[in-house]
Undergrad: 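What follows is a single structure, and I will ask about it in a moment.
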2 protein chains.
Amino acid sequence: MGKEATIYDIANELNLSASTVSRALKGNKHINIETRKRVERCAKKIHYRSNSFASNLRTQRTNTIGIIVPRLDSSFMSKCLAGMEEVASENGYNVIISQSHESSKKQERNANTMFNNRVDGLIVSLTIEKNNVACFSRFADKNVPVVYFDRIPDKSESTCFVIENSKVAYDATSHLIGQSCRNLLHVTLNSNANVYRERISGFEAAVEANTGCAGRLLYVKSLTMEDGQGVADEIMKMEPLPDGVFVANDQAAVGCLLRLKERGIRVPGDIAIIGFNDDPISKIVSPKLTSVHYPGRETGIMAAKSLIENLNGDESFNYTEKVVLNAQLIIRESSQKLETNVKSDI
Amino acid sequence: MGKEATIYDIANELNLSASTVSRALKGNKHINIETRKRVERCAKKIHYRSNSFASNLRTQRTNTIGIIVPRLDSSFMSKCLAGMEEVASENGYNVIISQSHESSKKQERNANTMFNNRVDGLIVSLTIEKNNVACFSRFADKNVPVVYFDRIPDKSESTCFVIENSKVAYDATSHLIGQSCRNLLHVTLNSNANVYRERISGFEAAVEANTGCAGRLLYVKSLTMEDGQGVADEIMKMEPLPDGVFVANDQAAVGCLLRLKERGIRVPGDIAIIGFNDDPISKIVSPKLTSVHYPGRETGIMAAKSLIENLNGDESFNYTEKVVLNAQLIIRESSQKLETNVKSDI
DNA sequence: GTGAAAGCGCTAACAT
DNA sequence: ATGTTAGCGCTTTCAC
């Protein structure tokens with residue numbers, strides 16, 4: 001209740017100057033250890049708490065990292081965020097998080113809010129909408145580092161943290177082909193975002209690399225489980241039926257898989273299916289879903305670390321344009337048409 | 001690059017005083033409309049951005065809400081957070097989020113950081129460790145409202161947002177009994193946290209209300225999928241085998257269910273299973289898991305709204321001790337021993 | 001309708 | 001090892 005204690009109150013109480021108190025509180029080396037002890041005791045006694053605005057106003061630093069993501073309630077994203085928060089917290093930074101909900105307008109508003117809040121650095125994963133990255137260049141102008149992860153801009157000066165989408169898409173598709181699939185389908189968003197574009201190119205490259213294989217794309221509005229069910233209905237109408245389906249995320253893949261089963265299609269017998277992200281559901285659905293493991297936590301950790309190193313003046317990451325993390329195809333039941341070594345794992 | 005523009009720069013440029021510029025920027029009524037226009041144009045021209053520290057330092061407000069949760073990467077929690085972020089954002093508040101990782105030490109550190117950062121309000125879900133809620137009373141002392149959700153303190157002055165854990169646990173257990181289960185097992189944490197304690201009491205009440213039923217508790221270290229698998233192994237050793245199992249979350253329930261199936265136990269034929277939270281996996285696992293729908297998003301929205309209304313001086317929530325949201329048993333396949341109307345939903 | 005002046009609480013030169 | 005001083009950028013009385 002009532003007035004806040006300040007360093008002046010401590011200073012008065014102990015007959016010291018404010019600067020000595022300030023130094024003592026920060027653990028400055030030149031301060032007599034006894035003085036420090038007294039200051040700390042007094043601070044506790046009068047319920048002093050540091051006023052970060054005043055401090056920020058002076059130091060022009062906030063110890064805060066801004067994070068803007070499309071949405072935070074996906075399995076993948078919450079892993080990324082958890083990783084970032086941990087690193088930030090270990091290094092004395094706060095994180096402020098906001099969601100763009102895939103709207104580039106909202107994304108811009110969020111960016112401006114972060115800008116006015118003077119975040120020390122920014123971590124962004126872009127919307128799938130056509131992105132106006134201009135709102136982020138303001139940060140660069142003020143020497144506030146920005147890093148991107150997952151959904152990154154087509155070109156930027158910033159460090160980006162991604163996986164090799166085209167390569168793993170290639171691997172996934174090749175795996176289907178290796179399982180004797182010849183009529184391949186890739187279900188994805190009609191988006192120019194790097195992640196989808198690259199998965200498409202990986203898919204197409206694998207199809208082209210194997211004579212006798214046909215590949216086509218099916219675009220969906222979004223990649224929810226419900227969309228996946230709709231996809232299954234579409235698939236049932238195809239002539240001939242595809243025998244291998246690679247879906248751009250696990251939610252949609254699982255929706256599709258379950259609906260196909262309901263319709264009497266055997267998975268993987270009639271149609272092999274592969275998802276993307278290695279969400280928990282992929283290990284739960286029956287048959288277990290082959291998927292691409294996307295190291296979300298690690299991505300978050302790397303992104304936050306690089307940002308913080310940059311803030312601490314360690315420039316090593318400054319010249320790194322792109323950090324590619326290792327994603328990997330996890331083969332489970334849903335794609336194994338041939339009788340090979342079927343691993344089981346939960 | 002370089003220096004930040006301040007209101008003084010604008011003032012100089014236009015031959016005004018800083019106070020006039022400040023008023024103009026805030027849309028003060030007494031300012032000449034022409035003056036305001038000029039100020040706004042100039043602000044844009046010289047890339048002025050308001051310095052929130054200086055402003056906060058003066059006004060003693062931050063427009064920031066702190067959120068402390070055990071961890072943010074669970075399905076339930078990310079839904080809560082998404083709801084909170086939305087409400088906050090709509091009302092011009094930022095959210096800063098931190099994880100306690102179930103450590104009350106970390107929780108206290110986080111609380112202190114939030115305290116020093118002068119959050120305008122705080123939203124907390126407690127750790128399962130014995131909670132030292134003292135670190136939160138500092139907020140009340142300074143008239144910073146704190147609300148809790150899900151894991152709430154045993155007693156506090158704050159508004160809490162919860163579901164009726166004991167009631168839904170009672171419902172779940174009764175449902176099992178209605179499905180002819182007589183040997184019941186409740187798998188949960190040995191914790192004094194309200195959520196687990198109440199689920200236990202609901203379970204026990206239902207068992208006692210039905211003569212001829214036996215109930216026992218099985219405590220686990222945590223409620224991960226792996227723990228659920230361990231539970232299945234324990235269950236296999238029980239004599240007699242339980243025929244109805246109510247698990248305190250879906251992760252562990254699914255782990256248990258799958259392992260039981262591997263061991264040749266029929267679910268629900270031999271053992272009926274019910275989980276808690278209605279995570280996405282509950283709809284995916286086969287058989288689909290009966291669970292309790294916990295309205296996470298709504299909980300988050302309610303909590304954030306109440307906090308903000310409180311901050312805006314609307315006291316309506318101030319005297320509300322507890323808001324109980326509606327949770328509901330969702331009956332799926334895993335609990336239906338008897339041939340009744342089996343609903344299917346994804 | 002606008003200006004002058006003080007001060008929010010802290011930190012960092014500079015001085016001793 | 002400690003004190004003095006000035007100022008970060010804004011808001012807000014109080015004056016005119």
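Per chain, numbering begins at 1; letters A, B, ... match sequence-line order.
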Undergrad: Tell me the interatomic distance from A/Asp9, atom CG, to C/dC10, atom C1', rounded to whole angstroms.
TA: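 Rounded to the whole Å, the gap is 13 Å.
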Undergrad: Let me know the distance between CG of A/Asn56 and C1' of D/dC10, rounded to the nearest Å.
TA: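 These atoms are roughly 14 Å apart.
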Undergrad: Applying salt bridge (charged side-chain N to carboxylate O under 4.0 Å, His left out) between B/Glu102 and each of B/Lys130, B/Arg71, B/Arg151, report the one that passes.
TA: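 That would be B/Arg151.
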Undergrad: Just the rounded figure in Å: distance from P of C/dG1 to CZ of B/Arg23.
TA: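 Result: 11 Å.
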Undergrad: Taking the side chain as everything from C-beta on, heavy atoms only, tell me whether A/Ile67 gets closer than 4.5 Å to A/Glu85.
TA: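 In short, these two side chains do not touch, never coming nearer than 4.5 Å.
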Undergrad: Does D/dT2 have OP1 or OP2 under 4.0 Å away from a side-chain N or O of A/Thr20?
TA: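 No, outside the criterion.
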Undergrad: Measure the distance from NE2 on A/His30 to P on C/dA12 and round it to the nearest whole Å.
TA: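 So the two atoms are 13 Å apart, to the nearest Å.
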Undergrad: Check the phosphate of C/dG3 against B/Ser19, side-chain N and O only, distance under 4.0 Å to OP1 or OP2. Yes or no?
TA: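 For C/dG3, OP1/OP2 do not have a side-chain N/O of B/Ser19 under 4.0 Å.
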Undergrad: Touch check for A/Asn15, heavy atoms < 4.0 angstrom, all strands: base, sugar-phosphate only, or nothing?
TA: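 Result for A/Asn15 = sugar-phosphate.
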Undergrad: With ring pair (Phe, Tyr, Trp, His ring centres under 6.0 Å) as the test, would you mind laying out the steps for A/Tyr148 and A/Phe161 before giving the verdict?
TA: CA-CA 6 Å; A/Tyr148 297 92; A/Phe161 296 83; over 10 Å; no
Undergrad: Output the rounded distance in Å from CD1 (B/Ile33) to P (C/dT2).
TA: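 Whole-Å distance recorded here is 12 Å.
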Undergrad: Give the rounded distance in Å between these two atoms: CD1 of A/Ile31 and C1' of C/dA12.
TA: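 Value for this atom pair: 13 Å.
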Undergrad: At 4.0 Å (heavy atoms only), tell me whether B/Ser52 reaches a base, stays on the sugar-phosphate, or touches nothing.
TA: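 Answer is nothing: B/Ser52 stays at 4.0 Å or more from every strand.
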Undergrad: Check this for me, if you would: do A/Arg118 and B/Glu4 make a salt bridge, where the nitrogen-to-carboxylate-oxygen distance has to be below 4.0 angstrom?
TA: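 Yes.
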Undergrad: Do NZ/NE/NH1/NH2 and the carboxylate oxygens of B/Glu40 and B/Lys44 come within less than 4.0 Å?
TA: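 Salt bridge: no.
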Undergrad: Would you mind telling me which of D/dT11, C/dT11, D/dT4 lies closest to the side-chain atoms of A/Thr59?
TA: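 Among the listed nucleotides, the one closest to the side chain of A/Thr59 is C/dT11.
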Undergrad: C/dT11 phosphate, OP1 or OP2: any side-chain N/O from A/Ser22 under 4.0 angstrom?
TA: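 So the side chain of A/Ser22 is within the cut-off, an N or O lying under 4.0 Å from OP1 or OP2 of C/dT11.
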Undergrad: Just the atom pairs and distances: protein N or O near nucleotides 7-9 of chain D's N or O, under 3.5 Å.
TA:
residue : atom : partner : partner atom : Å
D/dG7   : N2   : A/Arg58 : NE           : 3.4
D/dG7   : N2   : A/Arg58 : NH1          : 2.7
D/dG7   : N3   : A/Arg58 : NH1          : 3.3
D/dG9   : N2   : B/Ala54 : O            : 3.3

Undergrad: CG of A/Leu25 versus C1' of C/dT11: gap in Å, rounded?
TA: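 One finds 12 Å between C1' of C/dT11 and CG of A/Leu25, rounded.
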Undergrad: So how far is it from B/Ser52 OG to A/Phe115 CZ, rounded to the nearest 0.5 Å?
TA: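 So the gap between those two atoms works out to 11.5 Å.
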Undergrad: Kindly point out which of C/dT2, D/dT2, C/dT11 is positioned nearest to the side chain of A/Lys26?
TA: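 Of the options given, the side chain of A/Lys26 lies nearest C/dT11.
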Undergrad: Using whole Å, what does the distance between atom P of nucleotide C/dG9 and atom CD1 of A/Ile46 come to?
TA: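 Nearest whole value for this atom pair: 12 Å.
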Undergrad: I would like to know whether A/Phe149 and A/Cys160 meet side-chain contact (heavy atoms from CB on, under 4.5 Å); could you show each step before the answer?
TA: CA-CA 5 Å; A/Phe149 72 101; A/Cys160 295; over 6 Å; no
